[in-house]
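The figures that follow rest on heavy atoms only: side chains count, while hydrogens, waters and symmetry mates do not.
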Amino acid sequence: MSKNTCIWASRLLQSSSLTLISQRFKGGHQFNGLAKTPKPENKPRHLWDEKHLKELTGGNYTTAPLVVRKLGGRDPETGRKVNQHIGGGVKFDYFMIDFHRRGPDEPDKSYDERVLEVRRDPNRSAYIALVAGMNGKRWLIATEDMHAGKIIQTFGYIPSIPIVGLEGNAYRLGALNIGTSICCIERYPTLDSAVFIITAGSSGTIMRHTDEKVVVRMPFGKEFAFDKRCFATVGRISHVDVKTQQYGSAQMHRRFGYKMSSGLWHRKTGYFGRKEKILAAPLEIKEKHKIQHPLKKFTLSNEPGGPLSGLTGTDAINKIAAIPNLWCVETIATEKHARLFQKACSLLKTRLNVFIQVNTSGEENKGGAEEVEAPKIAEYIVGECPNLELLGLMTIGSIVESQSREENADFQKLREVRAIVANKLGKNEMELELSMGMSQDFELAIQYGTRQRLFIKDLGKVATTSEANTSGEFRPVVAKAKVLEGPSGSAYVELGDTKVICSVIGPKEQSSETNHDEGIINVKVLGTEDLLPQLIESAINAFTRLEKLARSELDVEVTVLSDDGGLLAVSVMAAMIALTSASIETYDVCLAAHILVEADGTFILDPTKEQMKKNTTSVTVAVMPSLGQVVCCNVVGFTSKNNLTNAVRFAAEKCLDFQSYIEKVLLEPLTGKPTGDI
């Protein structure tokens, strides 16, 4: 026996390998559910003596059949009958199977073996193949196309571009292309690991590649992520028609060691099965009187005897943090509130957006932190609360100030507090949002810089060009998908002298464990230092089906080649085209437009940077036209409520001018027809 054959023998006869054999073949032959099933007590089957099987091998691997000592349902140590449904049966032999294949790691080199024989194994449902190579003979699980005389190869090299494997050959998972049918997959890239998909007629499918993992859909529908260095065999396990075979008589089951029941009725005493239980008396269903509990109000205020009473403290915060789809909490007034929300969110493994409430009016009956305490709370949230995301500051002004039409002291104080907090955190002042203003002073709050988030499902009647009193048209537009070879998807969009390239890398396994139900989008922008990444990420999260990317994350990189106005609109459309070219599902195409709002209510479509210097109010809108939804609405500057409403409607209408062209761009990789420009 050669040296390598001895290595096989020592590998297969390790305690872990023999444990694997005993676990897999303790049940003997498979009968497709027609044989007697185990009892509820999960008694051991005891078909043959595993200890005797180890003694027969003597620590060496052999291809010869091993005679198995049958136990007939008796315990091998005590000799007592422990399974009444096992006994008798014909004699059968056991064959040692080598489940692990290895090949050279150099390119264009392989370990070749010739198939000498393919035969049935009484211990498993699949056929087994006797193969011979330079290292000797061994038994393998046969694939569907294996036959005597065939040459099978094993490759250990992982090329940069996945290949299409041949059936019967073994490769590392990282070397195989998406969609390849595989079997005999190693759980870990080691010689003592378990092996998946070894049942007759079964196979898995490679779904996608990540950085160091390969996602495989198993025969039962679940998806597992394996190390890309694990070996697998291409093809489907042999003996495909095993599920259609019928064992038409009880004698057939007896031949394989299963004792059939006598057919007579036996009282269930609990000795041979479940004991019969006397049925309980029927329950009488009575109508329950509903108790009307008083409605409870709760507040985060810790002031005893305040106007709001009921749930307070930890109980209230835990209930709030557990609310499904909770987006934001705007009433963080103390470090204790932040600490309790951090504890609740860390247990739930979620992230929560928060605002710090500032009592700018100084009224005793209102909650909120004092102006001097807000920077300390903000510093605590950023430094000590990883599950909380500080979005900005919030205030509820006094009634007297809200009735003013010219200026509001509470709004001005909040802006001053924001400047102090931003300086304390080392951030740009515009990175912290302001939440203020009610229905009476909404327009004045916009002038002071409050961020209004628009969630519009129905755009209603869109203003026409004549109604909007517009001037100008879109600059020439050029768009193209799949412009880069390396990333999963890429796009180039040009609008006048504004030019952007976007690339998508992934999907890959999530680096954090905060959210497994939805995918994570990471946006990086090169060539600018404003709030563009946050705005692009918000739009992508709105039109992308994140639930299809569970446990995965994407890296979206936007490179700004030149900026001459409308950069946000161009970047959003480039990101949508790049994601689509990467086969990422979206709810609809996303179209965007950028306009200027003049003081007299007229609009300038697609302005350049030179035009934007003369007017400081601009609106960027991104829509999903088929669904009639706005996914992004960014307002820079001050304008009236009426002008803002008309501007959003006008920009949404102008987005539709891109629809037919963008749809052609998305179809170009499939049809091969150039789209040109518009």
Side-chain angles (χ1 to χ4, degrees), residues 2-8 11-12 61 97-118 128-193 195-198 203-217 224-238 482 484-488 505 508:
S2 65
K3 177 180 180 181
N4 291 318
T5 306
C6 295
I7 295 176
W8 286 351
R11 186 177 73 211
L12 289 175
Y61 177 82
I97 306 298
D98 189 356
F99 293 98
H100 300 273
R101 298 171 62 174
R102 289 293 182 269
D105 295 333
E106 294 80 9
D108 300 328
K109 291 187 178 181
S110 64
Y111 176 69
D112 299 346
E113 295 173 290
R114 180 183 295 275
V115 179
L116 303 180
E117 176 189 2
V118 177
I128 57 176
L130 180 63
V131 299
M134 293 181 58
N135 297 330
K137 298 180 181 180
R138 57 174 172 170
W139 289 101
L140 300 177
I141 297 293
T143 58
E144 189 177 7
D145 195 38
M146 277 192 186
H147 54 81
K150 183 177 180 179
I151 302 296
I152 59 175
Q153 299 174 302
T154 304
F155 299 85
Y157 177 71
I158 302 179
S160 58
I161 300 177
I163 63 175
V164 179
L166 299 179
E167 182 175 349
N169 292 351
Y171 307 83
R172 296 189 188 270
L173 288 176
L176 295 175
N177 199 1
I178 297 176
T180 305
S181 295
I182 54 177
C183 60
C184 298
I185 308 172
E186 293 179 334
R187 184 175 184 178
Y188 304 109
T190 57
L191 294 176
D192 58 349
S193 69
V195 178
F196 293 150
I197 311 181
I198 55 176
S203 65
T205 305
I206 297 179
M207 303 304 296
R208 55 186 177 273
H209 292 262
T210 59
D211 291 339
E212 298 295 332
K213 301 290 184 178
V214 177
V215 179
V216 179
R217 177 172 291 175
F224 288 176
F226 295 92
D227 192 299
K228 67 178 183 179
R229 299 170 297 170
C230 293
F231 275 86
T233 304
V234 177
R236 184 167 57 167
I237 298 294
S238 57
K482 286 191 175 296
L484 303 177
E485 294 183 358
S488 305
I505 301 175
K508 58 184 180 180

**From CA spacing to verdict: side-chain contact (heavy atoms from CB on, under 4.5 Å), Tyr188, Phe226** = CA-CA 7 Å; Tyr188 304 109; Phe226 295 92; over 6 Å; no
**Sub-4.5 Å side-chain heavy-atom contact between Pro162 and Ile178** = no
**Message:** Measuring only between side-chain heavy atoms, which start at C-beta, is Val234 closer than 4.5 Å to Thr180?
**Reply:** yes
**Asked** Judged by atom type as modelled, is there a donor-acceptor pair below 3.5 Å linking the side chain of Asp98 to the main-chain atoms of Arg138?
**Response** no
**Nearest-0.5 Å distance, CG of residue Leu130 to NZ of residue Lys137** = 6.0 Å
**Request:** Would you give the length of the straight line joining atom CD1 of Ile237 to atom OG of Ser181, rounded to the nearest 0.5 angstrom?
**Result:** 11.5 Å
**Request:** Nearest 0.5 Å please: distance from the OH atom of Tyr111 over to the CZ atom of Phe155.
**Result:** 13.5 Å
**Asked** Does Ala148 have any side chain to side chain contact (heavy atoms under 4.5 Å, CB included) partners at least two apart in sequence or in another chain, and if so, which?
**Response** none
**Asked** Excluding sequence neighbours, so at least two apart, what forms side chain to side chain contact (heavy atoms under 4.5 Å, CB included) with Thr143?
**Response** Met146, Glu167, Cys183, Thr233
**Contacts of Lys508 that satisfy side-chain hydrogen bond (donor to acceptor under 3.5 Å, both in side chains) - sequence neighbours left out** = Asp555
**Message:** Tell me the closest heavy-atom pair linking Pro159 and Ala175, and the distance in Å.
**Reply:** CD-CB, 3.5 Å
**Message:** Holding to side-chain hydrogen bond (donor to acceptor under 3.5 Å, both in side chains), I want the full list of residues that pass it with Thr190, two or more places apart in sequence or in another chain.
**Reply:** Asp192
**Item:** Asp112 CG to Met134 CE distance, which is reported to the nearest 0.5 Å
**Value:** 10.0 Å
**Short N-O contact, Glu186 and Arg102, less than 4.0 angstrom** = yes
**Message:** Holding to salt bridge (Lys or Arg N to Asp or Glu O under 4.0 Å), I want the full list of residues that pass it with Lys150, two or more places apart in sequence or in another chain.
**Reply:** Asp145
**Closest approach of Cys184 to Ile141 (non-hydrogen atoms, all atoms of both residues)** = SG-CB, 4.0 Å
**Prompt:** In Å and rounded to the nearest 0.5 Å, what is the CD1 to CG distance from Ile97 to Leu140?
**Reply:** 7.5 Å
**Request:** For Glu212, check side chain to side chain contact (heavy atoms under 4.5 Å, CB included) against everything at least two apart and list the hits.
**Result:** Lys228
**Which residues share a side-chain hydrogen bond (donor to acceptor under 3.5 Å, both in side chains) with Arg217, sequence neighbours left out** = Glu223
**Asked** Phe231: what forms a ring-ring contact (aromatic ring centres under 6.0 Å, His included) with it, not counting sequence neighbours?
**Response** none
**Asked** For the residue pair Ile185 and Ile182, what are the closest heavy atoms and their distance?
**Response** CD1-CD1, 3.6 Å
**Request:** Given side-chain contact (heavy atoms from CB on, under 4.5 Å), test Ile151 with Glu113 step by step and report yes or no.
**Result:** CA-CA 6 Å; Ile151 302 296; Glu113 295 173 290; over 6 Å; no
**Prompt:** Quick one: does Glu117's side chain get under 4.5 Å of Trp139's, heavy atoms only?
**Reply:** yes
**Prompt:** Side chain of His209, backbone of Val214: donor and acceptor closer than 3.5 Å?
**Reply:** no
**Prompt:** Which is it for Leu166 and Tyr171 under the side-chain contact (heavy atoms from CB on, under 4.5 Å) test, yes or no, and what are the steps along the way?
**Reply:** CA-CA 10 Å; Leu166 299 179; Tyr171 307 83; 4.2 Å; yes
**Distance, nearest 0.5 Å, that separates CD1 of Ile505 from OG of Ser488** = 7.5 Å
**Asked** Taking only residues two or more places apart in sequence, or in another chain, which ones meet Lys482 in a salt bridge (Lys or Arg N to Asp or Glu O under 4.0 Å)?
**Response** none
**Prompt:** Considering only heavy atoms from C-beta outward, does the side chain of Ile152 approach that of Val115 to under 4.5 Å?
**Reply:** yes
**Prompt:** Listed by chain and number, what are the salt bridge (Lys or Arg N to Asp or Glu O under 4.0 Å) partners of Arg187, not counting sequence neighbours?
**Reply:** none
**Item:** Closest contact, heavy atoms only, Gly149 versus Arg114
**Value:** O-NH1, 3.1 Å
**Request:** With sequence neighbours left out, write down each residue that passes side chain to side chain contact (heavy atoms under 4.5 Å, CB included) with Asp105, or none if nothing qualifies.
**Result:** Arg172
**Request:** Keeping to residues at least two apart or across chains, list the side chain to side chain donor-acceptor pair (under 3.5 Å) pairs with something in residues 154-164.
**Result:** Arg101-Thr154
